[in-house]
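Keep in mind the model is a prediction, meaning the values are calculated, not measured.
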Amino acid sequence: MALETVSTNKAFGGTQGVYRHASTATGTDMTFSVYVPPGAEAGARLPVIWYLSGLTCTHANVTEKGEFRRACAELGLIFVAPDTSPRGEAVPDDPAGAYDFGLGAGFYVDATEAPYAANYRMYSYVTEELPALIAAHFPADMGAQAITGHSMGGHGALTIALRNPDRYRSVSAFAPIVSPLRCPWGEKALGGYLGPDRATWRAHDATALIEDGARVPAILIDQGGADSFLEGQLKPGLLAQACEAAGIPLTLRMQDGYDHSYYFISTFLADHLRWHAERLGRR
């Protein structure tokens, strides 16, 4: 459980830190960021919001561009941003060097196919190893957790929450991949990491999980109307249909003119944090 501090900076009265550790789940060093708001100095245990990033990203994208710290400081939320895949020269990548598989594209699954199974265990990392590390080193109330994410990370947030409904009090997403079984990004990733049996993919598809009986109390999604990936990869209507059939309250906000970038995410991230804070008992 040893933890190396890469950097710390004071922000809005709290501390923005970047940390590194040797992961047993991935067999590599992993880097992540944590913002601890003011108030933890008095011995308080604070709720945790997990943010899962999208394709090509690391912890740094949301840490540097997300504009979340003011809201987290006001609401008393610890904000944790993991990496999106294992890293290192020995870690297998996409054979063609494509951006949508391999490094930066772990899809938050535990791979079963060679050569990826040895390192690409991002589901176990995000749901087991990193939470234990957070609990050991930060003033976190692990009984009050929420999760959100963007694009591939939105897929991760939705599927992880649906598979662990007793752990997360709330779940939201920004432009999520709602059905990897039915989009090119997902078919490539799940086929490469999990093999050709599409039945095994359903455990990592939010729409399929809901169709198969998984439930959460509510879901909040923001989707940019000018997102170039909207029709071909994201398809939020599929999730809307599944939620309606299952009776899951879904707030799907189509944001006119917004794209897939952090200009979009940073505009609405504070809204999501306030929504989560209500469900975490912080408002």
Side-chain angles (χ1 to χ4, degrees), residues 23 25-32 50-62 81-127 129-130 147 149-160 162-163 173-209 227-236 238-239 259-262 265:
S23 168
T26 68
T28 67
D29 285 350
M30 296 292 288
T31 302
F32 62 95
W50 295 87
Y51 179 93
L52 305 185
S53 294
L55 289 167
T56 76
C57 292
T58 69
H59 71 281
N61 297 75
V62 69
D83 203 345
T84 53
S85 78
R87 307 278 176 176
E89 293 184 3
V91 177
D93 197 3
D94 184 280
Y99 75 92
D100 56 357
F101 187 80
L103 298 181
F107 264 80
Y108 304 100
V109 303
D110 284 351
T112 56
E113 297 296 295
Y116 305 102
N119 304 112
Y120 285 81
R121 298 183 53 78
M122 291 302 297
Y123 181 84
S124 290
Y125 179 71
V126 168
T127 63
E129 185 175 17
L130 189 54
I147 191 166
H150 170 232
S151 193
M152 178 187 71
H155 141 77
L158 291 170
T159 55
I160 287 171
L162 285 162
R163 293 179 62 177
F174 300 86
I177 303 169
V178 304
S179 185
L181 279 84
R182 289 176 277 187
C183 75
W185 279 342
E187 290 186 341
K188 179 178 180 179
L190 298 187
Y193 293 134
L194 303 178
D197 182 2
R198 294 175 69 92
T200 67
W201 302 6
R202 296 185 68 84
H204 297 281
D205 181 299
T207 301
L209 282 165
D227 190 326
S228 61
F229 302 115
L230 176 57
E231 298 300 328
Q233 304 281 7
L234 307 178
K235 305 180 181 182
L238 296 175
L239 184 69
D259 60 15
H260 201 68
S261 73
Y262 270 87
I265 298 165

Y120 side-chain N/O to L103 backbone N/O, donor-acceptor pair under 3.5 Å: yes
Pairwise side-chain contact, M152 with Y108, heavy-atom cut-off 4.5 Å (strictly under): yes
Shortest non-hydrogen contact between K188 and F101, atoms and distance: CE-CB, 3.6 Å
R182: salt bridge (Lys or Arg N to Asp or Glu O under 4.0 Å) partners, not counting sequence neighbours: E211
Distance-only side-chain donor-acceptor flag, S179 / D205, under 3.5 Å: yes
Nearest heavy-atom neighbours spanning L162 and A206: CD1-O, 3.7 Å
With T200 via side-chain contact (heavy atoms from CB on, under 4.5 Å) - residues at least two apart: L194, D197
side-chain contact (heavy atoms from CB on, under 4.5 Å) between I160 and W50, intermediate numbers included: CA-CA 11 Å; I160 287 171; W50 295 87; over 6 Å; no
Atom pair OG (S151) and CG (L52), whose distance is rounded to the nearest 0.5 Å: 12.0 Å
Side chain to side chain, N61 and I265, heavy atoms closer than 4.5 Å: no
Spacing of CD1 belonging to I177 relative to CG belonging to L181, to within rounding of 0.5 Å: 12.0 Å
Taking every non-hydrogen atom, the tightest pair across A25 and S23: N-OG, 3.1 Å
Test item: D83 and F32 side chains (from C-beta on) under 4.5 Å apart, heavy atoms: no
Sequence neighbours excluded, every pair satisfying side-chain hydrogen bond (donor to acceptor under 3.5 Å, both in side chains) that has a member inside residues 110-119: D110-S124
W185-Y99 side chain donor-acceptor pair, cut-off 3.5 Å: yes
Closest contact, heavy atoms only, V178 versus P180: C-CD, 3.9 Å
Candidate pair R87 and T31, rule side-chain contact (heavy atoms from CB on, under 4.5 Å), full reasoning: CA-CA 9 Å; R87 307 278 176 176; T31 302; over 6 Å; no
Plane angle bin for H155 and F107 - parallel if under 30°, tilted between 30 and 60°, otherwise perpendicular: tilted
Whether H260 side chain and A175 backbone form a donor-acceptor pair below 3.5 Å: no
Point-to-point distance, once rounded to the nearest 0.5 Å, from OH of Y125 to CG of L130: 4.0 Å
Worked check of side-chain contact (heavy atoms from CB on, under 4.5 Å) between Y123 and R163: CA-CA 11 Å; Y123 181 84; R163 293 179 62 177; 3.6 Å; yes
Exam field: side chain W201 to backbone G195, donor-acceptor pair closer than 3.5 Å: yes
Main-chain N/O of S53 paired to T84 side chain as donor or acceptor, under 3.5 Å: no
Heavy-atom pair with the smallest gap, counting every atom of S85 and G106: CB-N, 3.8 Å
Nearest heavy-atom neighbours spanning A203 and L209: O-CD1, 3.6 Å
